[in-house]
Amino acid sequence: MAARWAASTVYQIYPRSFADANGDGFGDLRGILGRVDYLARLGIDVVWLSPIYPSPDVDNGYDISDYEGVDPRYGSLADFDELLAALHARDIKLIMDLVVNHTSDQHAWFAASRSSRSDPKRDWYFWRPARPGTTPGTPGAEPNNWGSFFSGPAWRFDPETGEYYLHVFAAQQPDLNWENGAVRAAIYAMMRGWLDRGVDGFRMDVINLISKDPSLPDGPTIAGLRYGLGVPHFVGGPRLHEYLAEMRREVFARYDRALFTVGETPLVTVEQAQRLCDPGPCGLDMVFSFDHMMADYGASKFDLQPLDLRKLKAIFTRWQEGLAEAGWNSLYWANHDQPRAVSRFGDDGAHRVRSAKLLATALHLQRGTPYVYQGEELGMTNVPFASLDELRDVESRNFAEEALAAGADPDAVLSQLRVASRDNARTPMHWDATPSAGFSSGRPWLPVNPNYREINAAAAEADPDSVFHHYRRLVALRRSDPVVAFGAYRELLPDHESVYAFTRTNGAELLLVLCNFSGREVRAAVPEAGRWAAAGIVLSNYGAAGAPVVEGGDFRLRPWEAVVLRRSLRGVTSRSGT
Ligand code: TEU
C-alpha cells in the first residue's frame, strides 16, 4: 500500500520562512501561492505544509490554539483554498501537519481543562497531584521524574487548581489525554474537516507518543542527568495501534481517494515501523525513522561529532532491508528540526555544490519516498549566528539557558548551537540576490543567511549545473524509472570508510550508485567494476568530466563524486540463451 508513493517526491514548506507576500517579514500563504510554479518546475508531487494554524508561536506553530483555522499572519481560509486549488491544478498534492500529541496552552480545550478540577474537559489533559509527601510547586514535587524534550521537567504546576499538567515538549504544549474517547472523537472530526476541504493527507507530528502508560510511572535515571527518561512509558505506548486503527476507521476509511499519511516517529524501530505501516491495522503509508539523524550524536543532539560513514551506511542498509517486504521508507536528510544537510554531512565550503548533489544522489536513489526541505535543493547552509540573542527556537533557547545557568561558557554554547540549532534550517528561503533574499520587502522574522547573494533560487535555476537542477533530475528520474522507484537495494563495500555504494535491481535492470563522502580521491573495489565501466551514466555530479575511471579493477572516485550507472542484463541473458 505504501509503495503507491514510490514514484513521488515530497517537498516540505516551513511557511513562516518560505515567502512573504505582504511585507510583514513573516512568510504567508499568498507568498507560497506566488511560488507554486517554482515547485512545479522542480517537479515535486506532494507539498507538506508545516503548521499554519492559529498559534501563540512558542514552538513556531507546533503549539496550536485552534485546529480549524488559519493564523491571520498566514492569511485566511480563502487564501488556503486558493493555494490548494493552485497546487491541485499543477498535479501537486497538499498534506497538512497534524499536531495532536499536544495543543497550545492557549487552546480553548486547555483553558477549560485548567479552569477547575471538575470541568468536563479536565480529563482531556494529564493532571496529577504533587508527589506524595512533597510541597506542591517546589523542585522535586513533580508527579514523576520525566524530563521534557525541551529541557526542564515534563510537568508544570498550576497554582489555581493545585495540580500539575504533563508537557513532554515546552510547558506551553500540554499533552492531550488520548485515553479519553471524547478527545479522540474531536480530533477525528477536525481531521475530516480538513479532508472535506480537499487536503490530501497528513504528516503526523510525534504520532508514536500519543499513547502514554496512564499510571505515568517514573522513568529510568541516567547518571549525570537531572531528569529521568519518560520515553519508555510513552514512545510506542500500549494503545498506539488501537488509536491508529480507530483513526483509520473514523477518518481515512471514509474517503475513497488516495490519502497520504506519514507518521513522525522519534526512536521508532524497524519492527515498529513495519507494524505501523501494516495495511491491516494501522495502515500508515510510511514513517520517519530518526536513526540516521542520530548517527553523528555525541553525548546529546547538541554535541554533534564528525560523521562515521560506516555507521550511517549500516543504518541506511538496516532500514532498506528491514522495510523491503513490509512498510516503506521516508528518505530525508533535513527538515525544520535539523541543521542544514550540506553543512552537517557534506562540505559547505569548497565542495558545497558537489557535496550537496552527492547527498541528494545517495538519498534519492534509495528505495522509499524522498523528502526535500525548502532550500535543500539550493544547497543552503547553516547560519553563522553572531550571538545567542539571534536564536528564536524554544529548544535552542531553553538549552542555552540551562547550560548557562549551569556555568557553561557562552561562546562554547554558541558554537554548539551554530552547528546543531534547529534555527539553521529556519532562516528565510533564498529566492534571489535582492535584499532579504527576495523573501520579504520587510524585516525578516529571523536573519537571512548572509550567503544568499551566491546561493539563491534565481541563480540556481539559471545555471544548468546547479544543485537545483540535480534535484530536478532526481525527481524526474524517480517518476520515470521503475528501477529507482521499486528496485531492490543491495549495499556493496559496507566497510569502506568514505564510499557509499549500492545497487538497485528491478528484473533485468541494474543501477550502481557510487558516492565518495570525502574531499579526497579514493579507490573502491566494486565487484564487476570492468563491466560497470562500460555502462551508461544516468547521473553524475562531475558533468562533462564523465564517469570515474576503473584502474586495476577499482573505481577511482574524485572528491565528493556521486555517479549512477545503468546496465541491462536483458541482452546478456538472451545471448547466453542462444
Ligand atoms: O518534533 C519532534 C521531535 O522528536 C524532534 O525532532 C524535536 O524537534 C526535538 O528536536 C527533540 O529534541 C516535532 C516537530 O517536528 C517539532 O518541530 C516540534 O517542536 C515537536 O514535534 C513538538 O511539536
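Order of appearance sets the numbers: ligands from 1, and atoms from 1 within every ligand.
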Quiz item: Do the two ring centres, one from Y373 and one from W333, sit under 6.0 Å apart?
Solution: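 So the answer is no for these two rings.
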
Quiz item: Is the distance between the ring centroids of Y67 and H107 under 6.0 Å?
Solution: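 Yes, the ring of Y67 comes within the 6.0 Å limit of the ring of H107, centre to centre.
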
Practice problem: Tell me the residues surrounding ligand 1, counting only those with a heavy atom closer than 4.0 angstrom, sorted by chain and number. | Solution: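 Contacts of ligand 1 under 4.0 Å: D59, Y62, H102, F150, F169, Q173, R203, D205, V206, E264, P266, F290, K301, H336, D337, E395, R422, R426.
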
Quiz item: Between D423 and R392, is there a salt bridge with N-O shorter than 4.0 Å?
Solution: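 Not counted as a salt bridge, because no side-chain N and carboxylate O are separated by less than 4.0 Å.
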
Quiz item: Hey, are R73 and D28 close enough for a salt bridge, meaning a charged N less than 4.0 Å from a carboxylate O?
Solution: no

Practice problem: Ignoring hydrogens and angles, state whether a donor on the side chain of T381 or N451 is under 3.5 Å from an acceptor on the partner side chain. | Solution: yes

Exercise. Assess the side chains of S55 and Y62: does a donor N or O sit below 3.5 Å from an acceptor N or O?
Key: no

